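Taking it in order: structure first as structure tokens, then the write-up.
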Amino acid sequence: MDDTIGIEPSTDLGWERITLEHDDGPDLADAVSTGLGAASKTLPCHLFYDDEGSLIFEEICATPEYYPTRAERTILERDAEKLAEEFAGYEIVELGSGSAEKTELLLAAFCERGPTCYVPIDISSDALERSAARLTERFPNLSITTIEGEYEAALAASSARRSGPRLVLFLGSNIGNFGPTEAVKFLKRLRAHLVPGDALLVGVAARGDRERLEPAYNDAAGVTARFNKNILVRINRELGGTFDLDAFEHAAPYDEEAGRVAMYLVSQRAQTVRVEALKRSFTFAAGERIHTEDSYKYGPDELAQLAARGGFELVRVARDADELFALSLLRPGA
């Protein structure tokens, strides 16, 4: 991996900022060329999260239909003091920190006990800057190092600078974006960056019925549809694409057997789209789908099985009153 690291000192910002530029994965052009050129068209979900996409996702979390954020928040509100007592003195590292609004509940409990180090990791520089500015102002004894980059490269960078045990947060059911096999591989890669004494707190939405799950990804205000179509907006803006957003509809059906909500962009007519930066055109039949995201839900025993296969021991699980969401505490296995 060829990494370029830029560091800006905390004296200028009130916090330290690290930016990673890496070329170990496909860029936007490669992802679009490969995904739309396949027989079954697909685009990777990380393309959602440019600065605009990150803002739209925060809107999704506030919609009345999207219950996972509220359920997870109730667990954090209830258990923040207990976690702060158990992990006092730990450095807190968060993967996919976003706005860090839920995390602020934890940080408040930690900072009440003394100086705390927080390392938020995200691919959106705007989200990192906004959250770091807010948190620095609220918590004078909070030391922040933001890392802009992909999860694993950023976690590796934080590992090289660690000063003690770490509590790694992976909240918001982000692990659900991986299929079960990919989730195990991801956990194994995370395990490689952790040492005995570290801990991983993972948020995961529970399996449920179609009547609750499908509206959560098909909100009446169309915020999730706008989020899904933001991929096409990016392609148009950054690659000279000619996608007509009105010619694609958002769809997010729930597969009860697999425990998965799959998101698609569905072509409403036969059409051809030109992407000038690629010097390619892509044809779509009426009804043809672009698969953009999976969101897997897990039953009570399924995450324990994933954790064990990924090199972790499940210590305990905390659930909200309605058992819609779970926060699972994992420790690195031997």
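As the structure is a prediction and not an experimental result, all values here were calculated from the model.
- Ion pairing between a basic and an acidic side chain is recognised when a charged N comes within 4.0 Å of a carboxylate O; E152 and R189 show such pairing.
- Residue L330 comes nearest to A307 through the heavy atom pair CD2-CB, 3.9 Å, listed as atom of the first residue, atom of the second, then distance.
- Judged by distance alone, the side chains of S158 and R166 do bring a donor and an acceptor atom under 3.5 Å apart.
- With rounding to the nearest 0.5 angstrom, the CG atom of D126 is 9.0 Å from the CD atom of E148.
- Of the inter-residue distances, the one linking H250 atom NE2 with T292 atom OG1 reads 8.0 Å to the nearest 0.5 angstrom.
- The side-chain tip of R212 points at the ring of Y67 from less than 6.0 angstrom away and within 45° of straight on.
- Proximity of R226 to E59: side-chain heavy atoms (C-beta onward) are separated by under 4.5 Å at one or more points.
- Inter-residue side-chain proximity for R289 and V266 is flagged as met; some heavy-atom pair is nearer than 4.5 Å.
- Judged by distance alone, the side chains of N177 and D294 never bring a donor and an acceptor atom under 3.5 Å apart.
- Residue S328 holds its OG atom at 9.5 Å from CG of L200, rounded to the nearest 0.5 Å.
- The distance from atom CG of D79 to atom CG of L105, rounded to the nearest 0.5 Å, is 11.0 Å.
- Between E86 and K82 there is no salt bridge, since no side-chain nitrogen of the basic residue lies less than 4.0 Å from a carboxylate oxygen of the acidic one.
- Ion pairing of E101 with R73 is absent here, as no side-chain N (NZ or NE/NH1/NH2) approaches a carboxylate O to less than 4.0 Å.
- For F248 and Y264, the gap between ring centers reaches or exceeds 6.0 Å.
- In this structure, D244 and R269 have side chains that are in contact, with non-hydrogen atoms separated by less than 4.5 Å.
- Using a 4.0 Å cut-off between charged nitrogen and carboxylate oxygen, R134 and E104 count as a salt-bridge pair.
- Expressed to the nearest 0.5 Å, how far CD1 of I56 lies from OH of Y49 amounts to 10.5 Å.
- Contact of the L167 side chain with the F110 side chain is registered, since non-hydrogen atoms from C-beta on lie closer than 4.5 Å.
- Ring centroids of F227 and F48 are separated by less than 6.0 Å, placing the two rings close together.
- Checked by atom type, the side-chain pair S295/Y217 shows a donor-acceptor distance below 3.5 Å.
- No side-chain donor-acceptor contact under 3.5 Å links S99 and R130.
- Looking at S267 and E288, their side chains never bring a donor and an acceptor atom within 3.5 Å of each other.
- Across every non-hydrogen atom of R210 and Y254, the tightest pair is NH1-O, 2.6 Å.
- To the nearest 0.5 Å, atoms CG (L201) and CG (L95) are separated by 11.5 Å.
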